[in-house]
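What follows is a short report on a single structure.
Here is how names work: the chains are called A, B, and so on, in the same order as the sequence lines, proteins then strands, and each is numbered from 1.
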2 protein chains.
Amino acid sequence: MSLRIALLGLLAASGPASGYDLAKKFETSVAHVWQAGHSQIYPELAKLTADGLVAVEAEGPRGRKIYTITPEGDAELRRWLMEHTPSTTLRSESALQAFLVPLLDPRDGVAVLRRIKKEVEGRLAELEALRAAKNAADARSPGEPPNRFGAYALDLGIRQSRAALEWAEDAMADLERAT
Amino acid sequence: MSLRIALLGLLAASGPASGYDLAKKFETSVAHVWQAGHSQIYPELAKLTADGLVAVEAEGPRGRKIYTITPEGDAELRRWLMEHTPSTTLRSESALQAFLVPLLDPRDGVAVLRRIKKEVEGRLAELEALRAAKNAADARSPGEPPNRFGAYALDLGIRQSRAALEWAEDAMADLERAT
DNA sequence: GTTGGCATGTAACCGGTTACATGATTTT
DNA sequence: AAAATCATGTAACCGGTTACATGCCAAC
């Protein structure tokens, strides 16, 4: 379900696009929130077309098909946003490692936490770079209202990464005390 | 892969248990980090047995089988903890909603954020209750070192929930400014 | 003319969810 | 005697990942 919504959302926010375009946008903009490769996107666009939620607006060179969101698609998107209660299923390998770390002796545990911390730092850097790029883009079109599409999710990711960073530092300190 | 590890971890930390027991522990202790139902656990235990990572220690009434972790299983667990780089694939329906919220008009957006905030509050309350229960259990066995198994992951969850809560409040304020 | 990026698709596989199915023991 | 809980399993389905497969067009 969520994949359809993500596709409808991208079409609604950025206008008509091909499957190829959408796959790229997945990588660059929605990636920190939802992932999908082209092998998932193409069939899903076909289904969305069959269901009347998107339509092929035009065909370009190299078999390029440009999809637009239909009014029905737009309605579906809004309905989901306002009515769907998101599933809370959380699956994090990092958190699982954190869960199990006390099984190791403290030295090894600290090493694992150090690795997790580095990953979080990397993620945080990526997200902050994305935000900087977004801010720069907003600054280039003055007068116009800044495009907030995706900005809230970015902010959420940054805050949660920072929380994870502080956690890793404190957990390491706690483990070292036990050494 | 992670399911095997979670099972090995539970067996390592809490001693021998049946598939039924493990399914319960999933609900009560690992749930905020990884989920699995009995229909997934039973076949996986069979595979783990075939691979020599766990063994049936005893059989009880009602066909109850009690599994223990083997030395090989323990080695596998430690190896994974220390060597496996966790996948960073993050999939959050809430974050996807947050991403798309700017597509709605501000009033509706605020309503969506308010709902997300309530869910986060609920989750935070659950995690804090878990931690309180854990602390109480530690207090009941004085002198003994507190059982830190799962504690770090719990702490991580609580911090990230708090970060999400602050985010929701700030995002709502931001959206209301735009009304 | 060859390399690289554009562009679309299919197929095999794997992990996870829901539903189906069965039976033993304990509690009321 | 009936209901609840213990206890184990299987099967169908669905979403996602990896790998396979093909061809067009532009730049070098």
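- Rounded to whole Å, the distance from CG on B:Leu7 to P on C:dG15 is 13 Å.
- Look at NE2 on A:His38: it is 10 Å from P on C:dG9, rounded to the nearest Å.
- In this structure the side chain of B:Arg115 reaches within 4.5 angstrom of the side chain of B:Glu119, judged on heavy atoms.
- Between the side chain of B:Ser39 and the base of C:dT18, at least one donor-acceptor pair of N or O atoms lies under 3.5 Å.
- Contact between the side-chain N/O atoms of A:Tyr42 and the OP1/OP2 oxygens of C:dT8 is found at a separation under 4.0 Å.
- Regarding A:Arg4, its CZ atom lies at a distance of 13 Å from the P atom of D:dC14, rounded to whole Å.
- The side chain of B:Lys24 contributes no N or O atom lying less than 4.0 Å from OP1 or OP2 of D:dA7.
- Look at A:Arg64 and you'll find a side-chain N or O under 4.0 angstrom from OP1 or OP2 of C:dA7.
- In this structure the side chain of B:Arg177 never reaches within 4.5 angstrom of the side chain of B:Pro106, judged on heavy atoms.
- Among the heavy atoms of the strands lying under 4.0 Å from B:Ser18 are primed sugar atoms or P, OP1, OP2 only; no base atom is included.
- For the pair A:Arg62 and A:Ser2, both in contact range of DNA chain D, the more 5′-proximal nearest nucleotide belongs to A:Ser2.
- One N or O on the side chain of B:Thr70 and one on the backbone of B:Gly52 form a donor-acceptor pair closer than 3.5 Å.
- Between C:dG15 and B:Arg91, no contact under 4.0 Å exists linking OP1 or OP2 to a side-chain N or O.
- Whole-Å rounding puts the B:Glu44 CD to C:dT17 P distance at 13 Å.
- A sub-4.0 Å separation between OP1 or OP2 of D:dT17 and a side-chain N or O of A:Gln40 is present.
- Position along DNA chain D of the nearest nucleotide to B:Ile66 versus B:Thr89 favours B:Ile66 as the more 5'-ward residue.
- Using modelled atom types, one finds a donor on one side chain and an acceptor on the other under 3.5 Å when comparing A:Glu93 with B:His84.
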